[in-house]
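Note sheet for the following structure.
In the text below, chain A, chain B and the rest are named by the order of the sequence lines, each starting its count at 1.
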Amino acid sequence: MRAALKAVRGTRDLLPDQTPLWNNVETTARNLFARYGFGEIRTPVLEATELFARGVGEETDIVSKEMFTWEDRARAGGEGVHGPESKAQSLTLRPENTAGVVRAYIEHQMAHSGALQKLYYIGPQFRRERPQRGRYRQFWQIGAEVIGPPSSGSESPLRDAEILEMLAGFLDKLGVRGWRLELSSVGSYQDRVRYNEILRAALQPIRSRLCGDCQRRAETNPLRVLDCKVPDDQALIGALPQISDHISADSQTHFSAVRAALEACGVPYTLNPRLVRGLDYYTRTTFEFTVSTGLGTQNALLGGGRYDGLSEMLGGPRSPGIGFAIGEDRLILTLQAQQEEDARASGAPPGELLDAYIAPLTPAQNATALALARELRCAGLRIEVGDGSFKLRKSFEIADSLARHIVLLGEDEAGSGVFTVKAFASGEQTKIPRARLAEALHGVQSRGSNFVQ
RNA sequence: GCGGCUAUAGUUCAGUGGCAGAACGCCGCUCUGUGGCAGCGGAUGUCGUGGGUUCGACCCCCACUGGCCGCCCCA
């Protein structure tokens, strides 16, 4: 026998027992984002490799070792925009979506309207990392970007606070418990470069007292030292210069305004001057929402920040912006872990039941049963139909596992047009004429009514 | 990309160098127009894949693949 094919490493199927939760999350996002004036954008999964090299940063881990990249075939005909000498082009499956959105913003000249652009996306991203809990090679992000020319107010700290306040509302609406907003400002690009050198210098004298990892990081990526989790290093790290003391006056004023607006909105946050983000384009405000349930060591549920120079890095007009990306897979893991906690507490099994199961009693009733099902489905009911070859006992067992009612359809019913209907919750059995059947089956909503239908 | 742990029935997991096991689930019967309960019976399977050691490997060794955890990093 030939070996069965499997989903490729780090990718997975989402089966019908999972998708209602995913749809609920996505619908909640769409509805909420729309209230803030966001419109949906869908960009290609495939982009020129150069987009990420320039946008995300050549030296970042994502670009230097985690992208699915290949050389597309050279074009034989040599016609079109790339000219007759068109060569093979390096293509990449997008590892994140901000660069693509900003590319589209530039390509469609959205800056020319002068208006602030508020765009959101939901879609798969790809990174060639080792799979772990909450980390997949194809993973989903729900993200949004606010971008526009400076005259549109895109630089205003109000936009930062609005994004953060919206995210807090989103997590609350989904019922995520125990989330934490960690907030920082990394200053302008120039601030960051300068601080990096200051940090490197400060690390020199204490380097030998740090853990092995940090001794290496002190050379390769000083900012990462701040993120160290080794307890013995904490005191040393605490004494290092903080980026908040080394950002420009402008950046400090901006950050204060963000915090004031958050406080006015009642959004709780924790200042984390050690918050380190891995993408080159971040400037000023950066943030992460973390959660303790269900994610193991991958406790970052979403992250984002300001990227005031990204448009220019990609060859566009000056257009400051701010955005975020939610790790949808991680959000789902968190919600599922919470549901399990709740189920343990209440003992109530989750589940979404159909309105009725139609049980033909002999194969002769099959056709009538399907016609009846069609009629009821047209009336908006969720219906499953059995098969007349099943024994009645089996029909009841299946019906009880799937639906709130069973509708019996035997010779009597076919002849009289009056159906025997039993409600499983109450055990009550009644005779209902066909004309009133749909109405009778509606009744109480199913247990899964908090899910989108 | 590196390190550790791991892979047995649909599921959760036992197991021993010498006949492949339990629970739950599934199917059948008791029970041919009334389910949930109970009793009885049944099938669970290339023991992840490929090599090697051995008279004999689910067990020991190697490689590969997947999963989990840690590192790196990120959502």
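Within residues 42-51 of chain A, no residue has any heavy atom under 4.0 Å from RNA chain B.
Taking only distance into account, the side chain of A/Glu413 meets the base of B/G33 through a donor-acceptor pair shorter than 3.5 Å. At a cut-off of 3.5 angstrom, counting only N and O atoms as typed in the model, there is a donor on one side and an acceptor on the other between the side-chain of A/Arg127 and the base of B/A75.
Atom pair A/Leu392:CG and B/C29:P shows a separation of 13 Å (rounding to whole Å applied). Atom-to-atom, CD of A/Glu428 to P of B/U34 comes out at 19 Å; the value is rounded to the nearest Å. Here B/A75 presents its C1' atom at 12 Å from CG of A/Leu167, a figure rounded to the nearest Å. With rounding to whole Å, A/Phe396 atom CZ is found 4 Å from B/U34 atom C1'. We find that NZ of A/Lys65 is positioned 14 Å from P of B/C71, with the value rounded to whole Å. Residue A/Phe139 contributes atom CZ, which lies 17 Å from atom P of B/C73 at whole-angstrom precision. For the pair A/Asn299 CG and B/A75 C1', the interatomic distance rounds to 11 Å; values are reported in whole Å. Taking atom CZ of A/Phe68 as the reference point, atom P of B/G1 lies 10 Å away to the nearest angstrom.
Distance noted for atom C1' between B/C59 and B/A20: 12 Å (whole Å). Separating the C1' atom of B/C27 from that of B/A63 is a span of 41 Å, rounded to the nearest Å. Spacing of P atoms, B/C2 relative to B/G10, comes out at 33 Å, to the nearest Å.
With respect to the salt-bridge test (charged N to carboxylate O, under 4.0 angstrom), the residues A/Glu129 and A/Arg135 qualify. Using a cut-off of 4.0 Å between Lys/Arg side-chain N and Asp/Glu carboxylate O, A/Glu162 and A/Lys118 are scored as salt-bridged. Using a cut-off of 4.0 Å between Lys/Arg side-chain N and Asp/Glu carboxylate O, A/Asp172 and A/Arg177 are scored as not salt-bridged. The pair A/Glu47-A/Arg103 counts as a salt bridge, with a side-chain nitrogen and a carboxylate oxygen less than 4.0 angstrom apart.
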Could you go through nucleotides 37-41 of chain B and list every protein N or O atom that sits under 3.5 Å from one of its N or O atoms, giving the distance for each pair?
none

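Judged by distance alone, the side chains of A/Thr420 and A/Lys431 do bring a donor and an acceptor atom under 3.5 Å apart. In this structure, a donor-acceptor pair under 3.5 Å is present between the side chains of A/Glu145 and A/Thr98.
Two residues, A/Glu411 and A/Gly10, neighbour RNA chain B, and the one matched to the more 5' nucleotide by heavy-atom proximity is A/Glu411. Mapped onto RNA chain B by nearest heavy atom, A/Phe289 and A/Leu408 fall at different nucleotides, with A/Leu408 at the one closer to the 5' end.
Within 6.0 Å of atom OH in A/Tyr36, more than 12 heavy atoms from other residues, nucleotides or ligands are found, so the atom counts as buried in its surroundings. For A/Arg42, the CZ atom sits in a loose shell: 12 or fewer heavy atoms of surrounding residues, nucleotides or ligands are nearer than 6.0 Å. Counting heavy-atom neighbours within 6.0 Å of A/Glu375 CD, excluding the residue itself, gives a total above 12.
Among the protein residues, A/Ile398 comes within range of no part of the nucleic acid, since none of its heavy atoms lies under 4.0 Å from any strand. Looking at heavy-atom distances under 4.0 Å, A/Asp329 makes no contact with the nucleic acid at all. Nucleic acid contact for A/Phe424: base, since at least one base atom lies under 4.0 Å from a heavy atom of the residue. Note on A/Arg128: only backbone sugar-phosphate atoms sit closer than 4.0 angstrom, heavy atoms only; bases stay farther off. Nucleic acid contact class of A/Ser395 (heavy atoms, under 4.0 Å, all strands): none. When heavy atoms are screened at a 4.0 angstrom cut-off, A/Tyr357 is found touching no nucleic acid atom at all. Within the 4.0 angstrom heavy-atom criterion, no nucleotide atom of any strand lies near A/Leu331. Contact annotation for A/Gly143: no contact, since no heavy-atom pair falls under 4.0 Å across all strands. In this structure, A/Gln429 reaches the bases: a heavy-atom distance under 4.0 Å links it to at least one base atom across the strands shown.
Under the 30°/60° scheme for interplanar angles, the aromatic rings of A/Phe289 and A/Trp179 are found to be tilted. Between A/Trp22 and A/Trp140, the angle of the ring planes goes over 60°, which puts this pair in the perpendicular group of the 30/60° scheme. Ring planes of A/Phe170 and A/Phe33: tilted class, angle from 30 to 60°.
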Would A/Arg377 and A/Asp355 satisfy salt bridge (Lys or Arg N to Asp or Glu O under 4.0 Å), going step by step from the backbone distance to the final call?
CA-CA 10 Å; A/Arg377 285 165 175 161; A/Asp355 293 306; over 6 Å; no

Evaluate A/Arg284 against A/Glu155 for salt bridge (Lys or Arg N to Asp or Glu O under 4.0 Å), listing each step before the verdict.
CA-CA 10 Å; A/Arg284 302 204 210 180; A/Glu155 230 169 336; 3.0 Å; yes

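Checking B/G3, B/C29, B/A75 against every side-chain atom of A/Lys391, the shortest atom distance belongs to B/C29. The side chain of A/Glu129 sits closest to B/C73 out of B/C73, B/C69, B/G35. Nearest nucleotide to the A/Lys394 side chain, out of B/U34, B/C73, B/G28: B/G28. Distances from the side chain of A/Asp61 to the nucleotides B/A75, B/G3, B/C73 place B/C73 closest. Here B/A75 is the nucleotide among B/G36, B/A75, B/G33 with the atom lying nearest to any side-chain atom of A/Tyr282. When the nucleotides B/G33, B/C68, B/G36 are ranked by their closest atom to the side chain of A/Glu397, B/G36 comes out on top.
In this model, the phosphate group of B/U65 is not approached by any side-chain N or O of A/Arg9 to a distance below 4.0 Å at OP1 or OP2.
Base-pairing analysis of RNA chain B finds the following stems of at least three consecutive Watson-Crick or G-U pairs, with both pairing distances under 3.5 Å: B:1-7 with B:65-71, B:10-13 with B:21-24, B:26-30 with B:38-42, B:48-52 with B:60-64.
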